[in-house]
> 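Please find one structure pasted underneath; my questions will follow.
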Amino acid sequence: MRHFDLVIIGTGSGNSIANKRFASWDIAIVEKGAVGGTCLNVGCIPTKMFVHTADVAGTPAAAARLGVDAHLDGVRWTDVRDRIFGRIDPIAENGRRWRAERNANVTFYQGTARFVGPKTLDTGTGEVITADRFVLAAGGRPVVPDVVDLESVGYHTSDTVMRLDALPPRMTILGSGFVAAEFAHVFSSFGVQVTVIARSDLLLRHEDHAIASRFTQLASGKWDVRLSRKAVRAERVGGVVRLHLEGPDGAEVVESEELLVAVGRKPNSDLLDLPATGVETHPDGRVVVDEFQRTSVEGIYALGDISTDYQLKHVANHEARVVQHNLLNPDAPIAADHRFVPSAVFSSPQIASVGLTEQEATARGVRFVTAEQAYASIAYGWAMEDNTGFAKVLADPATGQILGAHIIGPQAPTVIQPVIQAMSFGLDARSMARGQYWIHPAMPEVLENALLNLPLD
Ligand SMILES: Cc1cc2nc3c(=O)[nH]c(=O)nc-3n(C[C@H](O)[C@H](O)[C@H](O)COP(=O)(O)OP(=O)(O)OC[C@H]3O[C@@H](n4cnc5c(N)ncnc54)[C@H](O)[C@@H]3O)c2cc1C
Ligand SMILES: NC(=O)c1ccc[n+]([C@@H]2O[C@H](COP(=O)([O-])OP(=O)(O)OC[C@H]3O[C@@H](n4cnc5c(N)ncnc54)[C@H](O)[C@@H]3O)[C@@H](O)[C@H]2O)c1
């Protein structure tokens with residue numbers, strides 16, 4: 001049985017660990033799918049390439065209010081799809097070739113890994129290996145809810161929907177989180193009639209409620225949004241999927257040619273048979289790790305979606321850097337920093353968030369004040385004729401410490417970055433607002449003014 005210094009399971013963020021600093025280590029990498037993982041192949045990167053294309057497709061419709069008459073002649077779906085994956089697929093394939101053929105100290109196994117004993121792994125290729133150290137970086141996969149006959153009607157998840165053969169006339173999206181919000185924007189901008197089914201009474205309900213309410217209100221004007229609905233049964237009649245719902249007004253049926261299931265993702269820990277090597281998991285399947293990304297078994301680390309509270313690429317990448325350091329310096333480990341994890345929803349409008357929401361601050365009993373500033377009240381907001389976007393900030397009234405920031409509107413994920421920096425480096429609201437220049441008339445003025453509006457003691 002071959003023995004390695006290190007085995008890495010999963011080539012998402014885990015793939016970045018084995019760099020030249022590990023040149024003297026004998027390493028195995030096991031991957032069951034395409035090299036590069038979720039973000040590259042079926043996640044952040046292709047979705048944002050579709051989102052940008054959708055923003056372009058949506059521009060003519062938004063131009064008339066500025067006095068510019070433009071017309072969208074059409075979206076060539078297969079050209080868009082093939083442009084995007086024509087760029088991504090070769091990156092995954094080159095990544096596989098590099099690891100499999102040109103990386104002297106790495107042995108690449110294309111298989112589904114599973115532990116069969118303490119630090120003993122079946123690589124899914126017919127070969128069982130052992131190692132001193134393991135990195136569990138096997139990510140997660142879409143959850144498929146328990147809806148009667150769902151399996152038999154045929155549905156898509158984010159793993160498959162970007163490779164459709166043709167745009168359907170209608171699409172139902174079951175779920176109301178990140179994936180639902182982004183794909184509803186993409187497909188509706190491409191001319192598909194979109195229905196969004198939410199279990200709760202708000203879309204994106206984990207966002208600050210002021211933001212989620214504004215998003216839900218705007219989405220309801222563009223898509224057929226059904227709130228407080230439970231999907232109970234699915235059937236296919238000819239080419240049409242009929243999704244049976246129960247809601248506040250009783251039973252109803254939504255029909256569409258395609259169904260996208262977007263109700264969350266679960267960790268892939270169950271694929272790894274972790275009890276065989278003694279690694280503990282939480283009841284929801286996340287691998288238990290300490291602040292140094294160490295699991296319950298000495299020498300076994302975990303990172304990213306398989307263990308984290310935050311299913312985000314920048315978190316998986318950060319944790320991979322922590323694991324990398326701790327593998328090389330086990331006697332001087334560094335801790336992962338999860339104090340201020342930002343996130344963004346690339347829908348229309350865009351949303352970005354960092355720190356506490358108002359409902360979280362209230363639930364924790366934290367003393368806070370808030371302030372809001374509309375895009376409509378800053379000069380660049382006038383230029384864009386934006387009358388729905390705003391920034392909201394929360395701060396400690398005594399110290400001015402920034403507790404959270406939430407933005408809905410154009411370029412929100414870019415506009416929020418200075419607050420992430422301020423929070424990470426301990427800059428208070430007053431110093432942030434008045435201790436620097438803010439370019440006039442640029443969009444971050446929405447933040448400057450929100451900070452100045454805070455009723456601090
Ligand atoms: C549609 C979508 C859009 C997203 N957009 C964003 C975004 O804009 N910004 C953002 O920050 N995050 C986004 N995310 C989340 C982000 O993609 C993930 O948080 C991130 O990719 C997780 O990285 P990871 O390395 O933990 O796991 P992954 O990238 O999922 O890598 C895990 C790898 O392990 C492999 N694997 C699993 N089990 C086994 C096994 N038993 N044996 C061998 N190999 C195995 C898998 O095939 C996979 O390649 C998005 C996710 C989705 C689904
Ligand atoms: N821009 C980004 O950073 C980005 C984009 C896409 C995905 N992601 C990551 O991927 C994760 C998964 O995304 P997601 O949208 O699938 O999950 P999500 O957790 O964001 O949202 C899932 C939604 O589905 C609802 N839901 C759960 N079960 C349901 C059911 N049976 N019927 C109807 N609704 C149900 C939940 O209430 C929730 O609102 C996200 O949490 C995020 O971390 C990030």
Side-chain angles (χ1 to χ4, degrees), residues 7-17 29-48 50-51 92 109-115 121-125 135-147 150 157-159 161-162 173-183 196-200 202-207 212 226 228-232 243 245 260-273 302-317 319-320 341-347 350-353 413:
V7 174
I8 299 167
I9 306 171
T11 61
S13 295
N15 197 37
S16 61
I17 290 174
I29 296 181
V30 194
E31 170 56 60
K32 73 175 174 62
V35 166
T38 301
C39 182
L40 174 67
N41 294 293
V42 290
C44 340
I45 295 177
T47 53
K48 268 78 258 184
F50 280 105
V51 163
Y109 294 95
Q110 184 81 62
T112 302
R114 182 174 62 88
F115 284 94
L121 192 77
D122 181 338
T123 57
T125 62
V135 174
L136 313 179
R141 62 183 186 277
V143 170
V144 179
D146 201 8
V147 171
L150 187 59
T157 66
S158 53
D159 285 353
V161 77
M162 289 181 270
I173 304 181
L174 180 61
S176 49
F178 282 60
V179 170
E182 293 184 354
F183 281 121
V196 178
I197 314 291
R199 211 171 39 173
S200 47
L202 274 183
L203 305 181
L204 297 173
R205 71 191 160 93
H206 296 296
E207 299 292 336
R226 314 266 179 116
S228 309
R229 303 298 205 280
K230 183 174 175 354
V232 287
L243 191 63
L245 309 174
L260 170 63
V261 171
V263 299
R265 292 173 64 81
K266 64 177 175 189
N268 281 330
S269 53
D270 55 339
L271 305 181
L272 291 174
D273 203 354
L303 64 91
D305 283 7
I306 199 167
S307 53
T308 191
D309 286 335
Y310 312 95
Q311 297 174 342
L312 296 165
K313 183 62 175 173
H314 38 277
V315 176
N317 283 346
E319 293 177 356
V341 175
S343 65
V345 188
F346 295 80
S347 185
Q350 298 188 337
I351 290 174
S353 166

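Order of appearance sets the numbers: ligands from 1, and atoms from 1 within every ligand.
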> Short N/O distance, under 3.5 Å, between Arg205 and ligand 2?
yes
> Has the side chain of Gln350 got a donor or acceptor atom that lies under 3.5 Å from a matching backbone atom of Val345?
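No.
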> Of the protein's non-hydrogen atoms, which lies at the shortest distance from atom 10 (O) of ligand 2, and what is that distance?
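For atom 10 (O) of ligand 2, the nearest protein heavy atom is Arg265 CD, 3.8 Å.
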> One residue to check: Ser343. Relative to ligand 2, which of side chain, backbone, both or neither has a non-hydrogen atom less than 4.0 Å away?
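It is neither; nothing of Ser343 touches ligand 2.
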> Heavy atom of Ser343 under 4.0 Å from ligand 1?
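No, Ser343 has no heavy atoms under 4.0 Å from ligand 1.
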> Which of the listed options, Met162, Gln311, Lys32, Glu182, holds the heavy atom that is closest to atom 45 (C) of ligand 1?
Lys32
> Can you check which of Cys44, Gly33, Ala302, Ala262 brings a heavy atom nearest to atom 6 (C) of ligand 1?
Cys44
> Backbone, side chain, both or neither: what part of Ala113 comes under 4.0 angstrom of ligand 1, heavy atoms only?
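It is both backbone and side chain that touch ligand 1.
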> Please compare Phe183, Phe346, Phe178, Tyr310 and report which has the shortest non-hydrogen distance to atom 8 (N) of ligand 2.
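Answer by nearest heavy atom: Phe178.
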> So is Ser158 polar-close to ligand 1, meaning N/O to N/O under 3.5 Å?
no
> Which residue owns the protein heavy atom closest to atom 35 (C) of ligand 2, what's the atom, and how far is it?
Val263 CG1, 3.5 Å
> Pick, from Gly10, Pro46, Gly37, Pro413, the option with the minimum heavy-atom distance to atom 34 (O) of ligand 1.
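Residue with the shortest heavy-atom distance to the ligand atom: Gly10.
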> Is there at least one pair of N or O atoms, one from Ser13 and one from ligand 1, spaced under 3.5 Å apart?
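Yes, since at least one N or O of Ser13 sits under 3.5 Å from an N or O of ligand 1.
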> What's the shortest heavy-atom distance between Gln311 and Asp305, and which atoms?
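Shortest heavy-atom contact: CA-OD1, 3.2 Å.
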> Give a yes or no answer on whether the side chain of Thr11 reaches the backbone of Gly36 with a donor-acceptor pair at less than 3.5 Å.
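Yes, the answer is positive, given that a donor and an acceptor are paired below the 3.5 Å cut-off.
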> Tell me: protein heavy atom nearest atom 17 (O) of ligand 2, and distance?
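Of every protein heavy atom, Gly264 CA, 3.2 Å lies nearest to atom 17 (O) of ligand 2.
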> Does His314 approach ligand 2 within less than 4.0 angstrom via side chain, backbone, both or neither, non-hydrogen atoms only?
neither
> If hydrogens are left out, which of Ser158, Gly177, Ala198, Gly140 has an atom nearest to atom 23 (C) of ligand 2, that is, the closest non-hydrogen atom?
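Shortest heavy-atom distance from atom 23 (C) of ligand 2: Gly177.
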> Walk me through it: do Ser13 and Leu303 pass the test side-chain contact (heavy atoms from CB on, under 4.5 Å)?
CA-CA 8 Å; Ser13 295; Leu303 64 91; 4.0 Å; yes
> Could you give me the CA-CA distance, side-chain angles and deciding distance for Asn15 and Glu31, then say whether side-chain contact (heavy atoms from CB on, under 4.5 Å) is met?
CA-CA 10 Å; Asn15 197 37; Glu31 170 56 60; over 6 Å; no
> Below 4.0 Å from ligand 1: does a non-hydrogen atom of Val42 turn up there or not?
yes
> When only distance counts, is Val345 in polar contact with ligand 2, meaning an N/O pair under 3.5 Å?
no
> Polar-atom distance check: Val179 versus ligand 2, any N or O pair below 3.5 Å?
yes
> Among all protein heavy atoms, pick out the one at the shortest distance from atom 36 (C) of ligand 2; state its residue, atom name and that distance to 0.1 Å.
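The closest one turns out to be Arg199 NH2, 3.9 Å.
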> Applying a strict 4.0 Å limit to heavy atoms, is Arg265 in contact with ligand 1?
yes
> Pick whichever of Lys230, Glu182, Gln311 has a heavy atom sitting closest to atom 43 (O) of ligand 2.
Gln311
> Of the backbone atoms (N, CA, C, O) and the side-chain heavy atoms from C-beta on, which set of Ile9 has a member under 4.0 Å from an atom of ligand 1: side chain, backbone, both, or neither?
side chain
> Given Gly36, Gly43, Ala34, which one has a non-hydrogen atom that is nearest to atom 2 (C) of ligand 1?
Gly43
> Using a plain distance cutoff, I'd like to know if Leu312 has any nitrogen or oxygen under 3.5 Å from a nitrogen or oxygen of ligand 2.
no
> For Ala231 and ligand 2, answer yes if some heavy atom of the residue is under 4.0 Å from a ligand atom, otherwise no.
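Flag not set, Ala231 not near ligand 2.
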> Taking all atoms of both residues into account, what is the closest heavy-atom pair of Pro342 and His314, and its distance?
O-NE2, 2.8 Å
> Can you tell which of Glu31, Gln110, Glu319 gets a heavy atom nearest to atom 49 (O) of ligand 1?
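When every heavy atom of Glu31, Gln110, Glu319 is considered, Glu31 comes closest to atom 49 (O) of ligand 1.
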> Applying a heavy-atom cut-off of 4.0 Å, say which part of Asn268 lies close to ligand 1: side chain, backbone, both or neither.
side chain
> Is the closest heavy-atom distance from Ala344 to ligand 2 below 4.0 Å?
yes
> Side chain, backbone, both or neither: which part of Thr47 has a heavy atom under 4.0 Å from ligand 1?
side chain
